[in-house]
Structures are given as structure tokens and as C-alpha cells.
There are 2 protein chains.
Amino acid sequence: MHEVEIKALLVDPVHNSPVILLKDRQSDMVVPVWIGNPEATAIAMELQNKTFPRPLTHDLLKEAIIALGGEVEKVIIDHIQDGTYYATIFIQDSEGNVQELDARPSDTVALALRMNSPIYISDEVFEASAIELPLAEDDEEREQFKQFVEKMDLAEFKRLSQ
Amino acid sequence: MHEVEIKALLVDPVHNSPVILLKDRQSDMVVPVWIGNPEATAIAMELQNKTFPRPLTHDLLKEAIIALGGEVEKVIIDHIQDGTYYATIFIQDSEGNVQELDARPSDTVALALRMNSPIYISDEVFEASAIELPLAEDDEEREQFKQFVEKMDLAEFKRLSQ
């Protein structure tokens, strides 16, 4: 099992799709996970510590879990099938029992960021998907990340999100 | 307080944005609510009784509430401020206490559909926003709804949603 952190949130120019790079805390290996635009927005808002005037769906998910006395213990991206990544969210309920919820990695990461919960990747997924960090630890990486978040049109997003 | 049902899910050609028409169960008045594309997809999937291979964010929200012993008692679109609609989700926890969660109408409707919970609109919102049903109860309405759901490219959506 590998604990990871979000290293970058970029747009893959080949698929024109957002991708998050999840970096192993113990090495320079990263696992890229392609995600949808709404989930990318939910992740970017949290990475920027921005709050939207109204709760996004993942904010609502967080509030529902807290209101019901739950805690997100950890999330694990645990297997791949036919090119799709599967994840599990481990929620401890108010009686201390742990409930396991099947989820997409994108929702899992958006929620884990909001709950300050650790994100893990199973050895199986790590061995199948991890690559050397493709971006040097330099200004280029920071610039790409900056460009991605600046490209999001928050005014347009606000109009659509009531 | 007015109990409503989803009468149609259309694209507003002026704003090129999805809009749901919430119809009063006791009259022919409807309240139009403009929503975002991801929430429209979440609502359309449920209206069509389609299940996606992987849980959407609102499916995850439903599963989290159930796993923690909660029940969605009702949802209310309760006020409008500066053109934005506000809603509240009433969740009963496992001890019978009712928790109130602030939410956007779009998330509220997507969740209520999944939980078979009643959807209400306050008198204040109803008086400010209700209009006569703009579409006759005829083939045109059904055709517009059909066009909307057929326009959604599920293959593209699938690619982005892992």
C-alpha cells in the first residue's frame, strides 16, 4: 500500500481531459488518474482553498457525512478493471463501525481533500500504473498547474451552479 | 408549501443551460430552476432509470447517507437571494434527530430522486418564480424531453467519469 498526495492537476493534451498526478510519499513515482471536469473543478477549488458561494456536490457529501456522525478514515484506489480505476472510501460511523463505499477515484480524492483523510493506492494499482514523475520539480510544473487553475472560468461556473 | 414533481428537463436556448421544470402537484404552475450540466446528467440518469457502470457523485452521496443510517425525509427549495435559489435537505439520523443541510436545488433534486423523497418549494419561492406550464401536455413536450436526453453523449461521459 502506498500513501500518495496530489502532485499536480493538469490537462492531458491528448485526451483534452483533466488528469491528477498522485505522488507516492516514499518515492518519486506518480500514478496518473484521468478524471471528469466537474470532479477536477471540485478538486481544484479545494487545492486553492477557495470556497464557492454555494456548496458544491462534494461539499454537500462532506456535510452529510459529518451531520450523520461519520468520519472518513481513509480512501484507497484499490484495483483496475478494463482500464477503469476503482476506489473504496472507508467511513467510520458514530458507533465506530467502518463502512466501505465503492467510488470513483475522482470523487474519492475530492472527498479526501475536504476531510483531510489519507489517500492510498494498492500495490496492484501502483505496480500497473506508477511512472517516474514526468515533470521536473521546477517552475515548469508550477506554471502548468497555475495555467490549469487560471483557465477555469469561475464566473461561468457560478452561473451554472445554482 | 408546495409539493412538486419534475415535469421536464430541458435546455434553455437563451442561456444554453439545462433547466428543470418543477410542477406543483396541486395546480398547473411550474417553477423553472436553472442547473449545471453535471447535475443535469445526474438527474437525467435517474429519470431514465439508467445506471452508470460506476457510481456518480450523487449515487455516492446516497450510499454514504444510507451507510451511516440516515434517511432523507424531505427537501425544500426555500428561498431566493440575488437570483440564486437556496435549498435545505432534511436528513433523519439513526437516532431520529433531523439534520438540516444547506444545498443547491440541483443537488437537492438529484438526491431526492434517488432517495424517493418528497420535494417541496416554499410559498416565498413559489410566489416569486412560479409560471403557467409553458408546454402543452402534448407530443411537443415529450419530444423536447426526448431530444434532451438523447443529446447526452454517454460514451463521452463514460470516458470522463472514471
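Residue numbers begin at 1 in each chain, while the letters A, B, ... track the order of the sequences. Below, all heavy atoms of this structure are taken into account, side chains as well, without hydrogens, waters or symmetry copies.
Counting only distance, with no hydrogens or angles, the side chain of B/Arg104 and the backbone of A/Arg54 share no donor-acceptor pair below 3.5 Å.
Cluster annotation: A/Tyr86 and A/Val33 are assigned to distinct hydrophobic clusters (Ile/Leu/Val/Met/Phe/Trp/Tyr, side-chain heavy-atom contacts under 4.5 Å, transitive). A continuous path of ILVMFWY side-chain contacts below 4.5 Å connects B/Ile6 to B/Tyr85, so both sit in one hydrophobic cluster. Using a 4.5 Å cut-off between side-chain heavy atoms of Ile, Leu, Val, Met, Phe, Trp and Tyr, with links allowed through other members, A/Phe90 and A/Val75 fall into different hydrophobic clusters. Residues B/Val109 and B/Met115 share a single hydrophobic cluster, defined by chaining ILVMFWY side chains whose heavy atoms lie under 4.5 Å apart. Placement of A/Leu113 and A/Ile121 within a single hydrophobic cluster is found when ILVMFWY residues are connected by side-chain heavy-atom separations under 4.5 Å, directly or transitively.
Counting non-hydrogen atoms of neighbouring residues, nucleotides and ligands closer than 6.0 angstrom, the CD atom of A/Glu71 reaches no more than 12 such neighbours. Counted within 6.0 Å of CD on B/Gln92, heavy atoms from surrounding residues, nucleotides or ligands total more than 12; the atom is thus considered enclosed.
Contact check for A/Asp102 versus B/Pro55: side-chain heavy atoms found under the 4.5 Å cut-off.
Of the listed residues (B/Leu68, B/Ile65, B/Asp93), the one with the most heavy-atom contacts under 4.5 Å to chain A is B/Leu68.
Neither the backbone nor the side chain of B/Leu111 has a heavy atom closer than 4.5 Å to any heavy atom of chain A. Heavy-atom distances place the backbone of B/Ala87, and not its side chain, under 4.5 Å from chain A. Contact of B/Leu101 with chain A is made through the side chain alone, with heavy-atom distances under 4.5 Å.
One distance of note links CD of A/Glu39 with CG of B/Leu56; it measures 8.5 Å at 0.5 Å rounding. The line from CD1 of B/Ile66 to CD of A/Gln99 is 11.5 Å long, rounded to the nearest 0.5 Å.
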With side chain to side chain contact (heavy atoms under 4.5 Å, CB included) as the test, would you mind laying out the steps for B/Ile89 and A/Leu60 before giving the verdict? CA-CA 10 Å; B/Ile89 299 172; A/Leu60 177 60; 3.8 Å; yes
